[in-house]
Amino acid sequence: MAQSCRPLTSTHRTAATRVHPKTGKSPSDAPEGHQGMRFIPSWYASNCDGEWEHEYGIRMATTDNPGWHIEIDVSETDMEGANVERVRRDLPGGGWMIAWNDGTVFHAACDPLSLHEVDVFFEELAGRAAPGSGEPSL
(Lines give C-alpha, C1' and ligand atoms only; values in the text may rest on other atoms or scores of the structure.)
Protein backbone atom coordinates (compact mmCIF):
# COMPACT_ATOMS: atom_id res chain seq x y z
CA MET A 1 0.00 0.00 0.00
CA ALA A 2 1.42 3.38 -1.00
CA GLN A 3 1.77 6.00 1.68
CA SER A 4 0.60 9.49 0.96
CA CYS A 5 2.96 12.40 1.41
CA ARG A 6 1.89 14.76 4.13
CA PRO A 7 3.35 18.14 4.96
CA LEU A 8 5.76 18.09 7.87
CA THR A 9 4.23 19.07 11.14
CA SER A 10 5.91 19.59 14.46
CA THR A 11 5.29 15.91 15.29
CA HIS A 12 7.15 14.86 12.16
CA ARG A 13 10.07 17.17 12.88
CA THR A 14 10.62 15.67 16.31
CA ALA A 15 11.22 12.27 14.71
CA ALA A 16 14.72 13.51 13.80
CA THR A 17 15.58 13.68 17.49
CA ARG A 18 15.43 9.90 17.86
CA VAL A 19 18.67 8.22 18.76
CA HIS A 20 20.23 5.92 16.18
CA PRO A 21 20.13 2.40 17.63
CA LYS A 22 23.63 1.50 16.43
CA THR A 23 25.61 4.72 17.01
CA GLY A 24 23.62 6.19 19.90
CA LYS A 25 23.77 9.56 18.13
CA SER A 26 20.92 11.91 17.32
CA PRO A 27 20.90 14.33 14.37
CA SER A 28 20.13 17.05 16.88
CA ASP A 29 23.44 16.31 18.65
CA ALA A 30 25.33 18.37 16.07
CA PRO A 31 27.35 21.10 17.78
CA GLU A 32 25.96 24.63 17.63
CA GLY A 33 26.99 26.47 14.48
CA HIS A 34 27.02 23.42 12.19
CA GLN A 35 24.65 24.57 9.52
CA GLY A 36 24.03 23.18 6.08
CA MET A 37 24.57 24.75 2.71
CA ARG A 38 22.93 28.05 1.85
CA PHE A 39 24.95 29.59 -0.98
CA ILE A 40 25.71 26.58 -3.21
CA PRO A 41 22.03 25.76 -3.93
CA SER A 42 21.31 29.38 -4.89
CA TRP A 43 24.49 29.56 -7.01
CA TYR A 44 23.40 26.40 -8.84
CA ALA A 45 19.88 27.78 -9.42
CA SER A 46 21.30 31.07 -10.73
CA ASN A 47 23.34 29.20 -13.37
CA CYS A 48 20.42 27.06 -14.57
CA ASP A 49 19.37 28.61 -17.87
CA GLY A 50 17.69 25.71 -19.62
CA GLU A 51 20.97 24.47 -21.07
CA TRP A 52 23.83 24.66 -18.54
CA GLU A 53 22.19 22.25 -16.08
CA HIS A 54 21.89 19.56 -18.76
CA GLU A 55 25.67 19.33 -19.06
CA TYR A 56 26.96 20.57 -15.70
CA GLY A 57 25.99 20.21 -12.09
CA ILE A 58 26.90 19.25 -8.53
CA ARG A 59 27.87 15.84 -7.21
CA MET A 60 28.02 14.92 -3.54
CA ALA A 61 29.01 11.61 -2.02
CA THR A 62 29.85 10.33 1.39
CA THR A 63 33.34 9.05 2.13
CA ASP A 64 34.45 6.33 4.49
CA ASN A 65 36.69 8.47 6.69
CA PRO A 66 33.71 9.64 7.36
CA GLY A 67 32.89 12.78 5.49
CA TRP A 68 31.71 14.32 2.25
CA HIS A 69 33.23 14.76 -1.21
CA ILE A 70 31.73 17.49 -3.39
CA GLU A 71 32.39 18.35 -7.03
CA ILE A 72 30.82 21.43 -8.60
CA ASP A 73 31.13 22.06 -12.34
CA VAL A 74 32.12 25.68 -12.83
CA SER A 75 32.49 25.52 -16.62
CA GLU A 76 30.57 28.25 -18.42
CA THR A 77 30.15 30.20 -15.15
CA ASP A 78 31.98 33.20 -13.72
CA MET A 79 34.27 30.77 -11.88
CA GLU A 80 35.55 29.03 -15.03
CA GLY A 81 39.32 29.40 -15.29
CA ALA A 82 39.72 30.48 -11.68
CA ASN A 83 42.39 28.11 -10.39
CA VAL A 84 42.75 27.82 -6.63
CA GLU A 85 45.47 25.76 -4.99
CA ARG A 86 44.43 23.13 -2.47
CA VAL A 87 43.52 24.72 0.87
CA ARG A 88 43.14 22.76 4.10
CA ARG A 89 41.38 24.24 7.09
CA ASP A 90 41.41 22.56 10.47
CA LEU A 91 38.23 23.58 12.22
CA PRO A 92 37.26 23.78 15.88
CA GLY A 93 36.15 20.53 17.48
CA GLY A 94 38.26 18.34 15.20
CA GLY A 95 36.49 19.34 11.99
CA TRP A 96 38.31 19.80 8.70
CA MET A 97 37.80 20.95 5.15
CA ILE A 98 39.92 20.68 2.00
CA ALA A 99 39.01 22.57 -1.19
CA TRP A 100 40.47 23.58 -4.55
CA ASN A 101 39.36 24.66 -8.00
CA ASP A 102 41.06 23.36 -11.15
CA GLY A 103 39.35 25.95 -13.36
CA THR A 104 36.55 23.67 -14.52
CA VAL A 105 35.58 21.80 -11.34
CA PHE A 106 35.53 22.97 -7.73
CA HIS A 107 36.48 20.08 -5.43
CA ALA A 108 35.95 19.87 -1.69
CA ALA A 109 36.06 17.29 1.06
CA CYS A 110 35.08 17.75 4.68
CA ASP A 111 34.07 15.94 7.83
CA PRO A 112 30.36 15.05 8.23
CA LEU A 113 29.46 18.29 10.04
CA SER A 114 31.39 20.84 7.96
CA LEU A 115 29.29 21.27 4.82
CA HIS A 116 28.64 24.84 5.94
CA GLU A 117 32.39 25.55 5.83
CA VAL A 118 32.55 24.31 2.22
CA ASP A 119 29.55 26.51 1.39
CA VAL A 120 31.22 29.59 2.90
CA PHE A 121 34.52 28.88 1.11
CA PHE A 122 32.74 28.39 -2.23
CA GLU A 123 30.82 31.65 -1.70
CA GLU A 124 34.10 33.50 -1.08
CA LEU A 125 35.57 32.10 -4.30
CA ALA A 126 32.45 32.89 -6.32
CA GLY A 127 32.44 36.44 -4.98
CA ARG A 128 36.05 36.97 -5.99
CA ALA A 129 35.46 35.53 -9.46
CA ALA A 130 32.30 37.53 -10.18
CA PRO A 131 32.66 40.24 -12.85
CA GLY A 132 32.86 43.68 -11.35
CA SER A 133 33.66 42.35 -7.89
CA GLY A 134 36.71 44.57 -7.71
CA GLU A 135 38.63 41.65 -6.27
CA PRO A 136 41.68 40.20 -7.96
CA SER A 137 41.00 37.06 -9.98
CA LEU A 138 41.59 33.76 -8.26
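- One hydrophobic cluster, built from ILVMFWY side chains closer than 4.5 Å, cannot hold both Val105 and Val87; they sit in different ones.
- Residues Ile70 and Met37 meet the side-chain proximity criterion, which asks for heavy atoms closer than 4.5 Å.
- Taking CD of Glu53 as the start and CD1 of Ile58 as the end, the distance is 11.5 Å to the nearest 0.5 Å.
- The structure places CZ of Arg128 at 14.0 Å from CG of Asp78, a figure rounded to the nearest 0.5 Å.
- Val120 is not connected to Val84 by any chain of hydrophobic side-chain contacts under 4.5 Å among Ile, Leu, Val, Met, Phe, Trp and Tyr, and they are in different clusters.
- For the pair Leu91/Trp96, no side-chain contact is recorded, criterion being any heavy-atom separation below 4.5 Å from C-beta on.
- Minimum interatomic distance between Gly95 and Asp111 (heavy atoms only, all atoms of both residues): CA-OD1, 3.1 Å.
- Annotation: side chain of Trp43 is in contact with side chain of Ile72 (closest heavy-atom distance under 4.5 Å).
- Looking only at side-chain heavy atoms (C-beta outward), Tyr44 and Trp52 come within less than 4.5 Å of each other.
- Rounded to the nearest 0.5 Å, atoms CG (Asp49) and OG1 (Thr77) are 11.5 Å apart.
- Within the 4.5 Å cutoff, no side-chain heavy atoms of Asn47 are placed close to those of Glu76.
- Scanning both residues, Met79 and Asn101, for their nearest heavy atoms gives O-ND2, 3.8 Å.
- His107 pairs in a ring pair (Phe, Tyr, Trp, His ring centres under 6.0 Å) with only one of the listed residues (Phe122, Trp100, Trp68), which is Trp100.
- Here the straight-line distance linking atom CZ of Arg38 with atom CG of Leu115 works out to 14.0 Å at 0.5 Å rounding.
- No continuous path of hydrophobic side-chain contacts links Val118 to Ile98 [ILVMFWY only; heavy atoms under 4.5 Å].
- A pairwise comparison of heavy atoms in Asp119 and Pro41 identifies OD1-CD, 4.3 Å as the closest pair.
- In the model, Asn65 has a side-chain atom that pairs as donor or acceptor with a side-chain atom of Thr63 under 3.5 Å.
- Put simply, NE2 on His116 and CD1 on Ile40 are 11.0 Å apart, with the number rounded to the nearest 0.5 Å.
- Of all non-hydrogen atoms in Pro66 and Pro112, the two that sit nearest each other are O-CD, 3.3 Å.
- Between Glu55 atom CD and Ser75 atom OG the span is 8.0 Å, to the nearest 0.5 Å.
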